[in-house]
Peer 1: 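Dropping the structure in here first, questions after.
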Amino acid sequence: MPSTLAKIKSMLDSHIGKKLTVTSHVGRKKILTCKGKLSETFPAVFVVELDKDESAVERVSYSYTDVLTQNIKLEFENEEAEE
């Protein structure tokens, strides 16, 4: 796992357009898993477009801090897990 926010953003910049699975901790013993495509990165957040048939919402955004603190886990298709 990258150790700084800049490294996380750089890693995600190189994966724009790729499919991924996002596993997020939404509460006490609750885990939400969704699939989609990394669409954009911004200075503080990144946007994932979710698969339309699996989710009621089109897009979700996460901060790089979520990745750093391991509140979410990113797993890109055909690659090993990125935390």
Side-chain angles (χ1 to χ4, degrees):
M1 175 180 84
S3 59
T4 65
L5 297 177
K7 288 180 182 177
I8 293 169
K9 182 178 184 323
S10 174
M11 184 265 305
L12 289 175
D13 284 340
S14 67
H15 286 87
I16 289 179
K18 294 185 180 177
K19 293 188 177 206
L20 74 149
T21 302
V22 180
T23 305
S24 58
H25 300 276
V26 292
R28 185 176 175 173
K29 297 184 182 181
K30 286 192 173 193
I31 296 175
L32 178 66
T33 302
C34 52
K35 294 184 179 188
K37 179 177 75 170
L38 180 63
S39 64
E40 295 179 88
T41 59
F42 295 100
V45 297
F46 60 96
V47 178
V48 176
E49 290 184 10
L50 300 177
D51 292 341
K52 291 180 177 39
D53 56 340
E54 292 185 15
S55 179
V57 294
E58 286 184 28
R59 300 193 288 167
V60 292
S61 62
Y62 299 100
S63 70
Y64 303 114
T65 308
D66 292 331
V67 178
L68 184 65
T69 60
Q70 298 181 1
N71 285 333
I72 65 170
K73 179 180 174 184
L74 304 176
E75 191 171 331
F76 291 93
E77 280 189 3
N78 302 323
E79 292 185 24
E80 60 187 53
E82 299 284 343
E83 293 185 9

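Heavy-atom basis, side chains included; hydrogens, waters and symmetry copies ignored.
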Peer 1: Please tell me if the side chains of Glu75 and Lys35 come closer than 4.5 Å, counting only heavy atoms from C-beta onward.
Peer 2: no
Peer 1: Please examine the side chains of Thr23 and Ile72, heavy atoms only from C-beta on, and report whether any two atoms are closer than 4.5 Å.
Peer 2: no
Peer 1: Once rounded to the nearest 0.5 Å, what's the spacing between atom CG of Asn71 and atom NE2 of His25?
Peer 2: 7.5 Å
Peer 1: So do Leu12 and Phe76 actually touch side chain to side chain, heavy atoms under 4.5 Å?
Peer 2: yes
Peer 1: Who are the salt bridge (Lys or Arg N to Asp or Glu O under 4.0 Å) partners of Asp51, not counting sequence neighbours?
Peer 2: none
Peer 1: Does any non-hydrogen side-chain atom of Thr69 lie less than 4.5 Å from one of Tyr64?
Peer 2: no
Peer 1: Given side chains that start at C-beta, do those of Leu68 and Asp66 come closer than 4.5 Å, heavy atoms only?
Peer 2: no
Peer 1: Compare every heavy atom of Thr65 with every heavy atom of Leu5, then report the nearest pair and how far apart it is.
Peer 2: CD2-N, 3.7 Å
Peer 1: Quick one: does Thr33's side chain get under 4.5 Å of Thr21's, heavy atoms only?
Peer 2: yes
Peer 1: Are Val45 and Ile16 linked, directly or through intermediate hydrophobic residues, by side-chain heavy-atom contacts shorter than 4.5 Å (ILVMFWY only)?
Peer 2: no
Peer 1: What pairs with Ser39 under side-chain contact (heavy atoms from CB on, under 4.5 Å), at least two apart in sequence or on another chain?
Peer 2: Val47, Glu49
Peer 1: Run the salt bridge (Lys or Arg N to Asp or Glu O under 4.0 Å) test against Lys37 and tell me which residues pass, sequence neighbours left out.
Peer 2: none
Peer 1: Would you say Tyr62 and Val67 make side-chain contact, with heavy atoms under 4.5 Å?
Peer 2: no
Peer 1: Are any of the side-chain heavy atoms of Thr41 and Lys9 separated by less than 4.5 Å?
Peer 2: yes
